[in-house]
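Beneath this line is the structure, given in structure tokens, with notes to follow.
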Protein chains: 2
Amino acid sequence: MTERHSRPLLYMEVVEFIRSKIESGEWSYGEKIPSENELSDLFDVSRATLREGVAYLVTRGILRRQRGVGTFVGKKEEISGGLETLISITQWIEKHGYQAGTSGTVLLRRPLSAAEREIFKHWNLSTIGEIRRVRTANEKPVMYCVDMIPDKFMPNNVTDLGNSLFQYLEDQWGQRVTVARSTIEVTVATGEMAESLAVARGAPLLRLRQIHYNQDMEALLLSQDHFVSERFRFDIIRRRS
Amino acid sequence: MTERHSRPLLYMEVVEFIRSKIESGEWSYGEKIPSENELSDLFDVSRATLREGVAYLVTRGILRRQRGVGTFVGKKEEISGGLETLISITQWIEKHGYQAGTSGTVLLRRPLSAAEREIFKHWNLSTIGEIRRVRTANEKPVMYCVDMIPDKFMPNNVTDLGNSLFQYLEDQWGQRVTVARSTIEVTVATGEMAESLAVARGAPLLRLRQIHYNQDMEALLLSQDHFVSERFRFDIIRRRS
DNA sequence: CCATCATCTGATGTCTGACATCCTATAAGC
DNA sequence: GCTTATAGGATGTCAGACATCAGATGATGG
């Protein structure tokens with residue numbers, strides 16, 4: 001079921017290396033980076049492999065190539081980190097500079113709705129696990145999250161779960177979330193949610209309904225995240241295809 | 001200022017060709033496509049160039065490569081068409097299967113705010129052009145759009161503008177929008193907006209505040225689009241980097 | 001002195017051919 | 001029938017070369 005991980009592809013190491021150079025500030029935004037020949041010597045890979053890694057970063061807007069001139073680090077503000085990049089809520093909160101926390105976790109099991117049965121049909125489920133949590137940034141509630149996962153992956157208790165569901169699924173079950181389809185909606189705070197988030201009932205919230213897929217493109221996690229939009233920015237980098 | 005367009009890169013032609021094969025249905029979703037050797041013969045390019053084109057589509061999730069096995073067309077539902085793909089409002093409405101229209105266009109010029117001056121600093125502007133429009137899908141109002149562009153690109157009248165601002169900027173001025181940074185917010189309908197969109201005052205709306213950049217990463221277009229979220233779906237494909 | 005043009009240099013883009021590694025299917029052996 | 005080799009085909013990587021482009025340099029002519 002789970003993809004066998006042969007040796008990671010070489011050009012991905014190049015990608016990671018270049019990324020670290022940028023993140024460490026050694027190569028700063030807008031600057032020209034060494035030529036392909038120099039880099040392929042430096043990494044001890046062929047120019048073809050190096051180019052594949054660079055191409056990967058170019059299509060993501062992190063690098064920019066200019067024929068006859070050189071390769072440049074994209075400007076910081078172009079780089080992303082928007083909603084189009086899938087990261088865990090924990091990482092997301094931390095990226096905003098806050099400390100991520102969780103409170104009021106509730107674990108329960110229940111039968112599936114017809115729609116859920118369709119989405120999770122690979123797993124042949126009879127029951128589904130549901131996790132309700134309030135996520136906090138610097139102790140302040142910012143999101144109300146409802147996650148639904150196949151029964152078999154459900155943690156036994158809150159301690160097993162830890163802070164990051166993504167991390168738990170990967171460490172415990174080898175299930176890596178790779179892509180998600182999200183729908184953005186406007187909704188209003190109901191009683192329980194309003195209380196948990198400390199907003200007035202009927203206050204407008206942003207809702208992200210998401211289907212997360214694992215490395216084999218099987219639906220792995222269904223989630224509904226409710227945000228107080230004033231407390232969080234939702235940015236997206238949109239690119240012409 | 002504007003980038004000189006030398007001959008388009010070869011691998012981009014490969015990209016377009018593969019795209020057309022997929023869109024025409026010749027290669028359908030999930031299927032294996034011909035091997036790299038066959039394709040490089042077919043397109044009459046080297047395998048290196050072909051691979052660069054394929055890599056481009058792989059990082060966008062349109063193709064999937066499996067070492068030792070082959071290259072496959074991604075499943076349809078993975079492919080995108082979400083908000084992370086930048087298209088004009090006109091295209092967007094049409095993609096949903098409606099006929100796109102415009103009503104109540106207002107053109108005006110005004111001085112810049114400090115924030116706008118910062119964003120548009122490349123152009124050395126003294127005044128800015130503002131376009132207010134209601135966009136319709138099958139004659140029904142769905143969005144209230146406010147676009148701000150440098151004075152020099154401002155159309156003289158509504159007829160010049162046509163339906164698509166993107167098209168107008170490209171045809172008339174050679175300015176191609178390539179990327180945008182968008183912020184999603186929740187807001188409420190004010191008097192004029194509520195009337196134009198035929199919703200109650202105070203009704204929650206989704207707002208997209210966007211900065212569009214041209215091919216040289218100069219800010220070209222500032223826009224605030226207001227949507228009635230019930231009338232439109234906002235999907236995003238999110239990928240782990 | 002300045003403007004224009006040719007030339008040179010270094011960068012990315014493309015080509016060719018080869019070998020390495022991995023996956024699948026088939027056949028051989030038990 | 002099950003397991004284990006083996007072969008073939010696919011992508012991944014390598015090496016070296018030439019093509020094309022953009023910017024810098026310097027020569028030339030006004």
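In what follows, every heavy atom counts, from backbone to side chain, and hydrogens, waters and symmetry copies are set aside.
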* Asked: When the ring planes of A/His96 and A/Trp92 are compared, do they come out parallel, tilted or perpendicular, using 30° and 60° as the limits?
  -> perpendicular

Per side-chain contact (heavy atoms from CB on, under 4.5 Å), B/Phe166 is matched among B/Thr90, B/Ile89, B/Leu221, B/Ile87 by B/Leu221

Review point. When you check the side-chain N and O atoms of B/Thr102 and B/Thr105, is any donor under 3.5 Å from an acceptor?
Key: no

Q. Hey, does B/Leu107 have a side-chain heavy atom less than 4.5 Å from the side chain of B/Glu130?
A. no

A/Glu118 meets the side chain to side chain contact (heavy atoms under 4.5 Å, CB included) criterion, sequence neighbours left out, with A/Lys121

With B for base contact, S for sugar-phosphate-only contact and - for none (protein heavy atoms under 4.0 Å), nucleotides 10-18 of chain C reads BBBBBBB-B

